[in-house]
Each structure stands twice: as C-alpha cells, then as structure tokens.
Number of protein chains: 2
Amino acid sequence: MNWKFATFNVNGIRARLPVVLQWLEQHQPDVLCMQEIKAQEKDFPQGAFRDAGYSVSLRGQKSFNGVAIVSKKPAEELLCRLDEENPDEEARFIAGRFDGIWVVNTYVPQGRTPEDPAFRYKIDFLERLKRWFESRFDPGDRLIWAGDINVAPEDIDVFDPKRMEGEIGCHPAERQAFSRVKSWGFIDLYRKHHPNEKQFTFWDYRLPMSFKRNLGWRLDHILVTDPVARASLECMVDHELRGRDKPSDHTPVWAEFDLEKL
Amino acid sequence: MNWKFATFNVNGIRARLPVVLQWLEQHQPDVLCMQEIKAQEKDFPQGAFRDAGYSVSLRGQKSFNGVAIVSKKPAEELLCRLDEENPDEEARFIAGRFDGIWVVNTYVPQGRTPEDPAFRYKIDFLERLKRWFESRFDPGDRLIWAGDINVAPEDIDVFDPKRMEGEIGCHPAERQAFSRVKSWGFIDLYRKHHPNEKQFTFWDYRLPMSFKRNLGWRLDHILVTDPVARASLECMVDHELRGRDKPSDHTPVWAEFDLEKL
DNA sequence: GTGCATGTGG
DNA sequence: CCACATGCAC
C-alpha cells in the first residue's frame with residue numbers, strides 16, 4: 001500500500017486556506033506538514049480540515065511562525081516542543097507518530113543575515129535538533145524530518161551560487177550545521193531521486209518576477225532515515241502552485257512510499 | 001439616444017475594482033460617479049478604467065473619502081473643490097460637464113452622531129452646497145447632483161423609522177438641510193419613478209445580517225433639475241451586488257435618460 | 001510583496 | 001464587519 005507525505009510552508013494558513021484545501025483534495029496525502037501557519041491555535045481553521053477528512057495537530061503562535069501536521073488518521077503520539085524546559089520558545093517544532101512512522105516538522109529560523117544574532121539562533125536550533133534526534137531515535141528507526149529548513153544545502157540549490165555565496169540560506173556555517181544533523185542518519189529524499197535536478201521550492205516575493213525568472217532556492221526538504229529511504233518511490237516539488245493567483249512564496253514537496261517495503 | 005448614469009459608494013476602489021469593472025462592463029453607463037474611493041490620485045487604478053473604455057476624473061485623499069467620475073467621454077469642464085479658497089478640505093466633491101449635462105458628485109459627511117461636531121460639519125456642507133448651486137446654476141439648467149448624501153429623506157427610507165428616529169441619517173436637522181438644497185430645484189429621481197417603494201441603498205456591515213434581513217437605509221441619491229427629470233426614463237437601485245462575495249456596504253443607483261427629450 | 005497586528009473610521 | 005495606514009518579519 002502506498003503512503004503519501006508532503007511538506008508546505010503555507011505563509012499564513014488563514015490566507016492560504018483555499019489553496020491548501022484544494023491541494024489536499026487533489027493529492028490526498030496521508031500526512032501534510034505545514035510551516036508558517038502564522039496563527040494561534042484558536043485562530044487555526046480546524047473545522048475546514050476536519051470537513052476535508054483530516055485530523056489536525058498544531059503548535060501555534062500569534063503573528064509569526066507556527067507549525068501543523070494534518071493527517072488522515074490522528075497522531076499516535078505527539079510532541080509539541082523541542083525544548084520541554086523552555087515553555088515560551090518560538091513555535092517552530094512539532095512531531096508525531098503516524099502509521100508507525102515518526103514525523104518531525106520544523107520551521108528552522110531564517111537567520112536574517114550571517115551577522116545578525118538570529119543567525120546564531122539558527123545554528124543553535126539545528127544543533128539542538130541534532131541532539132534531540134540522537135537522544136530519542138536510532139538511524140534504523142522509521143523517521144521523517146521535514147519542513148522549511150531555510151538552508152540550500154549545495155550550490156545547485158540556489159539560482160545564482162556565485163551571487164549568493166555566503167548569503168543567508170547558503171552560508172557555509174549553516175550548510176555545515178544542516179549537514180551535521182543529516183550526518184546522524186538522514187538522506188535528502190529529493191536529491192536521492194533527482195541527483196542532478198536544479199529545482200527550487202522558494203521564490204522570494206521581494207525579488208521582482210522571481211518565480212517567472214526562476215530565481216529560487218531549495219529550502220524545503222524531506223529527510224528520511226535509511227529504512228524509509230529504501231521504501232520511497234518518488235519525491236517531487238509541486239512548483240505549479242507558485243504560478244497561481246495568491247501563492248505562498250514556498251511550494252509543496254511531496255513523497256510517496258511503499259509501506260510493504262518498510 | 002439613451003444616456004445612462006449611475007452612482008455607487010464603492011467603499012475603497014482598490015478593494016472593489018473587480019466588482020466595479022464587471023458592473024461597468026455589464027451596464028455600460030455613460031457616466032458613473034463613485035464615492036469613498038479611499039485613495040490618493042496616484043493609487044487610483046486609472047489604467048484599468050482606461051482599458052475598460054472609461055475616462056477618469058477624480059479628487060482623491062489618503063485613506064478616507066475621495067470621489068471620482070468615470071465617463072465614456074472625457075469631462076468637457078471639471079471642478080474639483082466646493083470651496084476654492086480652502087485647499088485642504090476633505091475630498092468629498094467633484095463636478096464635471098458630460099454631453100452638456102453638469103454632473104455634481106458628492107460624498108456628504110456621515111456626521112457620526114447628532115451631538116458630534118461632525119454633524120454640524122454635515123449640515124454646513126449641505127448649506128455650502130446649496131449656495132454653490134445658487135451661485136452657478138439655474139433650476140432650468142441640465143444638472144444632476146448625485147452621490148452618497150448620507151441622509152434618508154423620509155421615514156420610508158429607513159428599515160425601522162421608529163427605532164431610527166433622530167438617529168444619524170434620519171435626524172430632522174439633516175433632513176431639513178437636505179430638503180433645503182432640493183428646494184432650490186431638485187427632484188429625487190428614484191422617488192419620482194417609485195413613489196411608494198421601500199428600497200434601500202446601504203446596509204451597515206456592523207449590523208449582523210443587515211442585508212439578508214433588509215435592515216437598510218436609502219442614502220444614495222440621484223437629484224435632477226426639472227428638464228433632466230422630464231427626460232428621465234427610469235431610475236433603479238441594483239441591490240443584487242450587495243448579496244455577492246466581497247460587497248461594498250452601498251449598492252449602485254442608476255438612471256436612464258432620453259437625450260432627445262432634453 | 002505578502003501576511004498578520006493594531007489602530008482609526010464608517 | 002470591512003478598508004485602509006503603519007509597522008514588523010521574511
């Protein structure tokens with residue numbers, strides 16, 4: 001039986017609700033991770049997802065950030081913070097078990113510029129995440145880490161690597177921090193299926209005509225442990241959405257798995 | 001040859017542009033007066049109107065008020081302020097000559113409450129308008145005064161005259177001020193064609209379900225001098241627009257004239 | 001450029 | 001309830 005998974009930085013769930021519902025209707029993923037829902041729990045349109053046949057797990061915050069997982073079956077287990085000791089950390093992390101697979105959904109800080117304190121926070125976030133994986137899981141577990149990681153891992157993942165060298169999203173320090181988390185036991189699923197494809201998942205609103213001119217970044221990722229990678233059939237970026245009327249600046253990434261190979 | 005005229009408080013031209021363009025496309029008025037465009041000249045979507053075959057004359061202001069006239073032919077003469085001595089008066093007045101007919105488009109102050117200084121300003125505005133008509137025109141001229149007058153002239157023009165007695169829009173002082181301007185030589189064209197109709201042009205957003213329950217006011221008017229009244233064929237309120245998706249709180253009023261009778 | 005928060009105005 | 005202004009973040 002096939003199992004479908006997707007991740008999408010929606011940039012405001014209230015503004016993007018029609019787009020997301022239509023995408024769910026068409027693609028029927030078993031699990032969809034969303035980032036930048038930009039809503040508190042009380043403002044998240046839970047009813048609309050339930051009516052579409054999806055269960056909602058979410059970690060909200062007023063105005064910024066916020067992550068959610070919607071799934072055909074409710075989470076078998078759920079964790080809403082990376083750091084249980086810190087009750088008012090930003091809403092950038094949620095993890096749940098679905099059909100026996102642990103799904104970790106993150107919205108990694110963007111970091112502003114490499115000089116900004118926010119950049120240090122980004123690196124720290126990735127290091128905390130690495131320790132979190134180490135302490136709870138084994139690379140042989142069924143585990144998916146997905147979301148807006150805000151790092152373009154290689155030069156192929158930016159529209160103009162020369163121009164973007166050392167810039168936010170491409171800085172060696174963040175690439176290395178991301179790489180270190182992956183080295184624990186993750187495979188970049190899009191890159192596994194498409195080793196040489198220059199395919200982006202984000203086009204900045206602020207760059208004039210960025211989508212039309214394909215001035216993008218691959219910042220949204222599906223990372224999986226080895227057993228999950230071996231069960232994977234495909235991983236794709238649905239850039240079509242970005243060309244429509246009121247798009248998010250990001251676009252969905254999805255993957256399909258053969259559960260019998262797991 | 002028939003000549004079509006309309007007035008519409010759009011409540012923000014930028015928010016209402018698709019609605020207005022579709023209405024123009026369908027109804028093809030020779031002249032449309034708009035109020036509450038809520039835009040400065042530079043922010044008014046002139047290109048969209050030109051593409052639709054309309055010439056634009058406007059008096060804008062940042063954020064509030066603002067009036068415009070769009071017309072199949074450009075204005076033969078144009079006046080943009082009621083009080084030429086006062087350069088920073090609110091953008092509530094524009095007048096132009098089209099096909100030999102003078103069209104005066106006003107957004108009369110709402111007045112807040114009868115106790116508020118804004119109410120005095122409303123009465124004064126109507127009195128200044130009366131003097132303006134007296135000084136420049138004769139009741140025998142071809143003249144149309146239209147717009148959001150913000151007065152329900154008679155009890156029939158409010159959903160609940162008992163409840164609204166003395167309230168803003170129905171207060172005796174503003175009814176009298178409006179009546180005094182009309183007494184110079186204007187005929188209420190909707191009332192001429194529909195003497196006993198209880199038909200509203202405004203339904204407050206803030207009253208729950210006001211449109212569905214028809215809790216409205218007739219505040220938008222087409223006033224004409226006697227020769228124009230004699231050439232008139234019909235005057236109607238297009239309340240259908242108010243029932244759609246993102247409506248203005250007001251709805252268009254239109255009239256048709258036989259130019260050969262003029 | 002876009003979404004959201006808050007404040008003003010109707 | 002709705003539109004617009006300003007301010008913030010990305």
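Chain A is the first sequence line, chain B the second, and so forth, proteins listed ahead of strands; every chain is numbered from 1.
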**Message:** Could you tell me if B:E36 and B:N9 have a donor-acceptor pair between their side chains, going purely by distance under 3.5 Å?
**Reply:** yes
**Any donor-acceptor N or O pair under 3.5 Å, side chains A:Q35, A:T7** = yes
**Item:** A:Y205 vs A:G12, nearer the 5' end of DNA chain C by closest nucleotide
**Value:** A:Y205
What integer distance in Å separates [X]:[atom1] from [N]:[atom2]?
| X | N | atom1 | atom2 | answer |
| --- | --- | --- | --- | --- |
| A:M34 | C:dG3 | CE | C1' | 16 Å |
| B:E36 | D:dC1 | CD | P | 19 Å |
| A:R244 | C:dT2 | CZ | C1' | 18 Å |
| B:M209 | D:dC1 | CE | C1' | 12 Å |
| B:I13 | D:dC2 | CD1 | P | 18 Å |
| A:N9 | C:dC4 | CG | P | 12 Å |
| A:D249 | C:dC4 | CG | C1' | 14 Å |
| A:Q61 | D:dC8 | CD | C1' | 13 Å |

Measuring from the side chain of [X] (C-beta onward, heavy atoms only), which nucleotide among [options] has the closest atom?
| X | options | answer |
| --- | --- | --- |
| B:R112 | C:dG9, D:dA9, D:dC10 | C:dG9 |
| A:K62 | C:dG10, C:dA5, C:dG3 | C:dA5 |
| A:A15 | C:dG1, C:dC4, D:dA3 | C:dC4 |
| A:F64 | C:dC4, D:dC1, D:dA9 | D:dA9 |
| B:K38 | D:dC4, D:dA9, C:dG10 | D:dC4 |

**Prompt:** C:dG3 phosphate, OP1 or OP2: any side-chain N/O from A:R16 under 4.0 angstrom?
**Reply:** yes
**Request:** Compare side-chain N and O positions of B:R242 against OP1 and OP2 of D:dC2 and report whether any pair is under 4.0 Å apart.
**Result:** no
**Prompt:** With no hydrogens and no angle check, is any side-chain donor or acceptor of A:N105 less than 3.5 Å from a backbone partner on A:A68?
**Reply:** yes
**Message:** Do B:P29 and B:Y54 make a side-chain contact, defined as non-hydrogen atoms from C-beta onward lying under 4.5 Å apart?
**Reply:** yes
**Candidate pair B:R92 and B:D148, rule salt bridge (charged side-chain N to carboxylate O under 4.0 Å, His left out), full reasoning** = CA-CA 10 Å; B:R92 299 179 171 278; B:D148 178 358; over 6 Å; no
**Message:** Return whichever of B:S63 or A:F202 has its heavy-atom-nearest nucleotide of DNA chain D closer to the 5' end.
**Reply:** B:S63
